[in-house]
Amino acid sequence: MDNFYGPGKNHLFVPGPVNIPEPVIRAMNRNNEDYRSPAIPAMTKTLLEDVKKIFKTTTGTPFMIPTTGTGAWESALTNTLSPGDRIVSFLIGQFSLLWIDQQQRLKFNVDVVESEWGQGANLDVLAEKLAADRTHTIKAICIVHNETATGVTNNLATVRKLLDHYGHPALLLVDGVSSICALDFRMDEWGVDVALTGSQKALSLPTGIGIVCASPKALEATKTAKSVRVFFDWNDYLKFYKLGTFWPYTPSIQLLYGLRAALDLILRKDLTMLAVEAWGLKNCTQKEEWFSDTVTAVLVPPYIDSSEIVKRAWKRYNLSLGLGLNKVAGKVFRIGHLGNLNELQLLGCLAGVEMILKDVGYPVKLGSGVAAASAYLQNNIPMIPSRI
């Protein structure tokens with residue numbers, strides 16, 4: 001379908017890619033530069049220092065790779081593991097499914113722990129596997145922190161407690177693509193060995209940078225990992241880090257300037273659950289402990305096809321919502337609320353959803369969700385610091 005122009009701004013509320021702030025767009029609006037000049041290494045050094053802050057690590061080593069989250073996945077796996085290594089991986093939605101597919105294609109021995117979509121990772125099964133693995137055949141635990149297909153957030157602190165309780169040395173590899181910068185993420189405190197994210201999510205940039213952060217334990221694992229890697233090899237980066245030039249190949253200059261601007265502008269608010277409750281609908285996520293702050297997957301009644309909600313949103317209201325994927329296709333629509341959003345933008349999205357629900361025959365009271373969210377905001381929004 002041709003992308004026909006619609007009047008006004010497209011209201012982008014999918015869980016990624018997200019809205020790009022105007023200051024970030026302006027920062028990227030520049031010509032190419034010589035990345036070997038003193039300017040780019042100097043900026044790269046500050047970026048690496050600040051990127052560590054979003055992972056909440058003082059000991060981790062970050063790598064900014066010109067790729068997507070999928071490439072960051074591959075980098076995390078191939079730098080720390082060898083073909084045939086046993087890994088435990090949790091299947092809870094579309095993106096964990098895709099990561100598991102990659103793990104299997106890379107010839108790892110993947111021990112899949114599957115949960116019903118809408119539930120979190122089954123950590124009881126993990127406890128059983130760790131307790132039984134007295135010879136430590138499990139080399140890594142792979143888990144998606146925030147599964148946007150179903151709006152589920154997993155408890156990483158509990159995963160670390162289980163590993164420590166059983167004295168198990170397995171690496172903890174975490175997909176933080178839609179959580180880092182948007183949810184509470186504590187790499188050092190939770191003992192995460194490799195964490196990764198993508199520039200198009202809460203960092204509010206175009207797609208194109210996969211950011212991976214490796215613990216000292218993960219870096220040590222690279223010395224024995226036998227997976228083939230070239231473009232994603234951390235050792236190439238480390239060599240240039242020591243040289244002070246930082247880049248083993250040509251980086252995206254424009255994205256680096258955008259990242260520099262984005263790191264200063266990260267903003268996130270979550271009000272959608274108040275609105276969903278006011279509409280009389282339910283979150284696909286089945287327990288509050290798994291609720292995500294970056295995306296809300298809204299279940300619709302059986303007589304409504306959620307894909308019609310998404311189609312009508314785009315066709316009539318210039319509003320982009322997320323489809324239900326795979327097992328929840330037609331049953332769920334998703335509201336992304338990460339990236340450069342403010343409260344009034346999100347209220348506009350909620351108002352649009354209410355009109356769409358009315359259009360497709362759901363008996364919503366117009367203004368109910370907006371009112372619930374507005375009542376909360378009116379009592380809780382702080383003054384803008386620079387305007388006090």
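Keep in mind that what you see is a predicted model, and the values were worked out from it rather than measured.
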Ion pair check, Asp188 and Lys56, cut-off under 4.0 Å: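 Looking at Lys56 together with Asp188, the answer is no, because their closest N to O distance does not fall below 4.0 Å.
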
NZ/NE/NH1/NH2 to OD/OE distance under 4.0 Å, Lys9 and Glu22: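 Salt bridge flag = no for Glu22 with Lys9.
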
From CA spacing to verdict: side chain to side chain donor-acceptor pair (under 3.5 Å), Thr158, Asn155: CA-CA 6 Å; Thr158 300; Asn155 191 325; 3.2 Å; yes

Full working for salt bridge (charged side-chain N to carboxylate O under 4.0 Å, His left out) between Glu308 and Lys311: CA-CA 5 Å; Glu308 289 303 312; Lys311 290 176 184 177; 3.6 Å; yes

Side-chain heavy atoms of [X] within contact of [Y], under 4.5 Å:
X: Val88; Y: Val112; answer: no
X: Val328; Y: Cys284; answer: yes
X: Thr61; Y: Leu219; answer: yes
X: Thr222; Y: Asn235; answer: yes
X: Trp247; Y: Met64; answer: yes
X: Val228; Y: Thr78; answer: no
X: Leu98; Y: Thr70; answer: no
X: Tyr166; Y: Asp133; answer: no

Chi angles and distances behind the side-chain contact (heavy atoms from CB on, under 4.5 Å) call for Thr80, Asp193: CA-CA 10 Å; Thr80 58; Asp193 291 300; over 6 Å; no

Would you compute the distance between atom [atom1] of [X] and atom [atom2] of [Y] and round it to the nearest 0.5 angstrom?
X: Leu77; Y: Gln103; atom1: CG; atom2: CD; value: 5.5 Å
X: Ile40; Y: Leu256; atom1: CD1; atom2: CG; value: 6.5 Å
X: Cys213; Y: Phe55; atom1: SG; atom2: CZ; value: 5.0 Å
X: Asp175; Y: His145; atom1: CG; atom2: NE2; value: 10.0 Å

Evaluation steps, side chain to side chain donor-acceptor pair (under 3.5 Å), between Glu33 and Tyr257: CA-CA 11 Å; Glu33 298 179 30; Tyr257 279 105; 2.9 Å; yes

side-chain contact (heavy atoms from CB on, under 4.5 Å) assessment of Ile54 paired with Phe185: CA-CA 8 Å; Ile54 67 174; Phe185 191 91; over 6 Å; no

Minimum heavy-atom separation for [X] and [Y], please, with both atom names.
X: Ser204; Y: Val18; answer: CA-CG2, 3.6 Å
X: Val300; Y: Gly330; answer: CG2-O, 4.0 Å
X: Asn79; Y: Ala225; answer: O-CB, 3.5 Å
X: Val174; Y: Val192; answer: CG2-CG1, 3.7 Å
X: Leu91; Y: Ile100; answer: CB-CD1, 3.7 Å
X: Leu172; Y: Trp190; answer: CD2-O, 4.0 Å

Please confirm whether the backbone N or O of [Y] pairs with a side-chain atom of [X], one donor and one acceptor, at under 3.5 Å?
X: Gln254; Y: Asn29; result: no
X: Ser227; Y: Leu81; result: yes
X: Asn154; Y: Ala121; result: yes
X: Tyr317; Y: Val353; result: no
X: Arg334; Y: Thr296; result: no
X: Asp85; Y: Ala140; result: no
X: Gln102; Y: Glu74; result: yes
X: Thr285; Y: Lys287; result: no
X: Lys358; Y: Val364; result: yes
X: Lys139; Y: Ala170; result: no

Trace of the salt bridge (charged side-chain N to carboxylate O under 4.0 Å, His left out) decision for Arg160 with Asp164: CA-CA 6 Å; Arg160 171 45 57 192; Asp164 292 346; 3.0 Å; yes

Steps toward side-chain contact (heavy atoms from CB on, under 4.5 Å) verdict (Gln119, Ile92): CA-CA 7 Å; Gln119 295 182 356; Ile92 61 170; over 6 Å; no

Modelled atom types, side-chain donor and acceptor of Asn122 and Ser115, under 3.5 Å: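 On atom types as modelled, these side chains do not qualify, holding no pair under 3.5 Å.
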
Side chain to side chain donor-acceptor pair (under 3.5 Å) evaluation trace for His11 with Asn318: CA-CA 6 Å; His11 300 283; Asn318 198 18; 5.6 Å; no

Pair listing, ring-ring contact (aromatic ring centres under 6.0 Å, His included) test, anchored in residues 56-92, at least two apart: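 Of all non-adjacent pairs touching residues 56-92, those that pass ring-ring contact (aromatic ring centres under 6.0 Å, His included) are Phe63-Trp234, Phe63-Tyr237, Phe63-Tyr241, Trp73-Trp99.
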
Other residues, nucleotides, ligands: >12 heavy atoms within 6.0 Å of Lys161 NZ: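 Not buried by this count: 12 neighbours or fewer within 6.0 Å.
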
Atom NZ of Lys282: over 12 foreign heavy atoms under 6.0 Å: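 Not buried by this count: 12 neighbours or fewer within 6.0 Å.
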
Lys52/Asp50 under salt bridge (charged side-chain N to carboxylate O under 4.0 Å, His left out): CA gap, chis, key distance, verdict: CA-CA 5 Å; Lys52 290 173 66 174; Asp50 287 345; over 6 Å; no

Worked verdict on Asn146 versus Thr153 for side chain to side chain donor-acceptor pair (under 3.5 Å): CA-CA 4 Å; Asn146 188 67; Thr153 299; 2.7 Å; yes

Cluster link Ile143 to Trp117, ILVMFWY, side chain under 4.5 Å: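 Different clusters: Ile143 never reaches Trp117 through Ile, Leu, Val, Met, Phe, Trp or Tyr contacts under 4.5 Å.
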
Ring center gap for Tyr362 and Tyr303 short of 6.0 angstrom: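 Ring centroids of Tyr362 and Tyr303 are no less than 6.0 Å from each other.
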
Candidate pair Asp111 and Arg86, rule salt bridge (charged side-chain N to carboxylate O under 4.0 Å, His left out), full reasoning: CA-CA 7 Å; Asp111 191 344; Arg86 181 187 176 194; 2.9 Å; yes

Working for side-chain contact (heavy atoms from CB on, under 4.5 Å), residues Leu263 and Leu203: CA-CA 7 Å; Leu263 287 171; Leu203 281 167; 3.8 Å; yes

